[in-house]
Visitor: 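Dumping the structure here so I can ask a few things about it.
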Amino acid sequence: MRVLLIEDDDRVAGPLTEGLSRFGFTVDRARSGAEGLAAGEPDTVLLDLGLPDMDGIEVCRALRSRSQVPIIMITARSDEVDRVLGLEIGADDYVSKPFGVRELIARIRAVSRRTQFGHPGRAAGHPGRAEYAAFPGSAGPPAPPLSQTQARPPSSWPSSPDAAAFVQRIGPLTIDRRTHQVHLDGTPIALSPKEYDLLACLAGDPGAVCTRQHILDIVWQPNYFGPTKTLDVHIAALRRKLGDSAWIDTIRGVGFRLRPPAGAPAAVPGWPAPEQDAR
């Protein structure tokens with residue numbers, strides 16, 4: 001699916017283009033209203049209302065006067081009047097900054113479905129319902145939640161139903177992957193869901209470095225669209241709760257690694273090493 005992004009802010013357009021591309025969308029970018037109006041007709045328009053050369057409302061009006069292309073407004077404006085006006089002059093939906101790529105993709109899909117059925121004339125040269133579902137990133141069921149994908153136990157975990165098989169020990173730190181409980185020296189540690197997912201990610205291979213991108217993909221999922229500083233905030237919170245910042249090393253320019261502080265017992269995995277394939 002071809003998306004025209006009319007957005008002048010590189011800080012928004014860059015991550016947004018990357019996020020949509022990961023889901024199979026082709027993104028053409030226009031940095032001004034005039035450039036957007038001069039572009040060829042896409043399958044969907046993402047229109048920022050705060051453009052440098054003209055108001056996004058006027059761009060929306062001009063686009064709608066000549067085309068039935070789906071238009072989703074991207075706005076940081078808090079005034080409800082702007083959103084209502086945009087919808088009344090022909091925009092199909094809107095998202096307010098900040099927003100997630102998952103939410104935006106869901107809105108693109110919903111708007112595209114409505115316009116496919118609401119404007120039969122647009123079907124010429126465009127896919128029908130069955131063909132539309134084949135577009136990468138533009139239809140089909142939503143991506144499964146973290147608990148069903150990235151949070152799935154590693155293949156090295158034993159298949160034993162014994163609950164103890166899901167307990168990992170890293171020095172005085174104990175992580176129960178089955179109950180999501182964490183103890184330090186036998187004392188329970190209260191972690192938020194994201195803090196637990198972050199700890200579980202780092203504990204997947206104690207002592208090994210996890211890159212920032214890998215952590216974001218696993219804990220926040222590949223479609224995360226937002227400031228990467230949120231990772232540093234959660235790392236800092238996790239260090240505080242572990243009681244010693246030495247638990248998590250920062251590898252400058254790369255990422256982070258989890259290991260017991262000096263003097264603590266060595267890591268003791270809670271599951272055996274995977275058996276070698278006999279074939």
Side-chain angles (χ1 to χ4, degrees), residues 1-60 62-64 67 69-77 83 86 91-113 115 126-127 132-143 146 149-150 211-232 253 255:
M1 172 179 280
R2 182 168 165 260
V3 173
L4 174 61
L5 172 62
I6 307 177
E7 170 64 69
D8 64 304
D9 191 342
D10 291 338
R11 295 170 299 179
V12 174
L16 184 53
T17 298
E18 180 182 352
L20 290 173
S21 297
R22 287 185 183 182
F23 283 83
F25 291 87
T26 299
V27 182
D28 298 328
R29 181 188 173 190
R31 289 175 169 80
S32 67
E35 189 178 341
L37 291 174
E41 182 170 332
D43 296 299
T44 301
V45 173
L46 303 179
L47 173 62
D48 180 29
L49 293 186
L51 297 170
D53 59 335
M54 57 193 302
D55 193 280
I57 296 293
E58 294 305 315
V59 177
C60 180
L63 286 172
R64 184 55 70 231
S67 170
V69 62
I71 300 173
I72 299 177
M73 300 180 295
I74 299 175
T75 177
R77 301 177 182 179
R83 298 194 296 269
D92 297 278
D93 203 349
Y94 73 90
V95 290
S96 298
K97 300 175 185 176
F99 57 88
V101 170
R102 179 177 294 240
E103 176 190 359
L104 179 60
I105 289 175
R107 291 181 182 276
I108 291 174
R109 291 171 177 168
V111 166
S112 297
R113 285 195 298 269
T115 54
H126 291 271
Y132 189 77
F135 268 96
S138 58
L146 178 63
T149 53
Q150 290 93 346
T211 66
R212 295 179 66 90
Q213 188 59 56
H214 173 74
I215 296 172
L216 288 170
D217 286 349
I218 294 298
V219 179
W220 278 267
Q221 303 191 7
N223 63 324
Y224 173 71
F225 173 62
T228 60
K229 275 295 182 183
T230 189
L231 172 55
D232 300 280

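This one's a predicted model, so the numbers in the text were calculated from it and none came from an experiment. We use all heavy atoms of the structure for the numbers below, so side chains are in, but hydrogens, waters and symmetry mates are not.
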Visitor: Restricting to non-hydrogen atoms, name the atom on E7 and the atom on A13 that form the minimum distance, rounded to 0.1 Å.
Guide: CG-CB, 3.9 Å
Visitor: If you look at every heavy atom in S32 and I6, which pair is closest and at what distance?
Guide: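 So the two residues come closest at O-CG2, 3.6 Å.
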Visitor: Could D9 and R31 be called an ion pair, given the rule that one side-chain N must be under 4.0 Å from one carboxylate O?
Guide: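 The answer is no: the pair does not qualify as a salt bridge.
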Visitor: First locate atom CZ of F25, then atom OG1 of T44, and finally report the distance between them rounded to the nearest 0.5 Å.
Guide: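 Reported value, rounded in 0.5 Å steps: 7.5 Å.
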Visitor: Measuring from R29:CZ to L46:CG, what's the distance to the nearest 0.5 Å?
Guide: 12.5 Å
Visitor: Please step through side-chain contact (heavy atoms from CB on, under 4.5 Å) for the pair L216 and L231, ending with a clear verdict.
Guide: CA-CA 7 Å; L216 288 170; L231 172 55; 4.3 Å; yes
Visitor: Looking only at heavy atoms, what is the nearest atom pair of D53 and A34, with distance?
Guide: OD2-N, 3.0 Å
Visitor: Would you check if L5 and T17 make a side-chain contact, meaning some heavy-atom pair closer than 4.5 Å?
Guide: yes
Visitor: So which heavy atom on R212 is nearest to which on D232, and how close?
Guide: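 In terms of heavy atoms, the two residues are closest at NH2-OD2, 2.8 Å.
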Visitor: Does R107 pair with D93 as a salt bridge, N-O distance under 4.0 Å?
Guide: yes
Visitor: What closest approach, in Å, do P42 and R2 show between heavy atoms, and which atom pair accounts for it?
Guide: CA-NH1, 3.2 Å
Visitor: Any side-chain heavy atom of D48 within less than 4.5 Å of one from D8?
Guide: yes
Visitor: How long is the straight-line distance from CD1 of I72 back to CG of L47, given to the nearest 0.5 Å?
Guide: 10.5 Å
Visitor: Could you measure the distance from the CD atom of E58 to the CG atom of L51? Nearest 0.5 Å is fine.
Guide: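 E58 CD to L51 CG: 11.5 Å, rounded to 0.5 Å.
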Visitor: Test salt bridge (charged side-chain N to carboxylate O under 4.0 Å, His left out) on D217 and R22 and set out the steps.
Guide: CA-CA 12 Å; D217 286 349; R22 287 185 183 182; 3.4 Å; yes
Visitor: Testing the basics here: between L104 and L16, what is the closest heavy-atom pair and its distance to 0.1 Å?
Guide: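 Looks like CD2-CD1, 3.4 Å.
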Visitor: Calculate, to the nearest 0.5 Å, the distance between atoms CG and CG belonging to L63 and L4 respectively.
Guide: 8.0 Å
Visitor: Run the numbers on L37 and V59 for side-chain contact (heavy atoms from CB on, under 4.5 Å), then give the verdict.
Guide: CA-CA 7 Å; L37 291 174; V59 177; 4.0 Å; yes
Visitor: Could you state the interatomic distance from CG (L49) to OG (S96), rounded to the nearest 0.5 Å?
Guide: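 Answer rounded to 0.5 Å: 9.5 Å.
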Visitor: Checking L20 against I108 for the side-chain contact (heavy atoms from CB on, under 4.5 Å) test, could you report, in this order, the C-alpha distance in whole Å, the side-chain angles of both residues, the deciding distance, and whether it holds?
Guide: CA-CA 11 Å; L20 290 173; I108 291 174; 4.3 Å; yes
Visitor: Could you tell me if the side chain of M73 sits less than 4.5 Å from the side chain of V45, heavy atoms only?
Guide: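 No, every pair of side-chain atoms sits at 4.5 Å or beyond.
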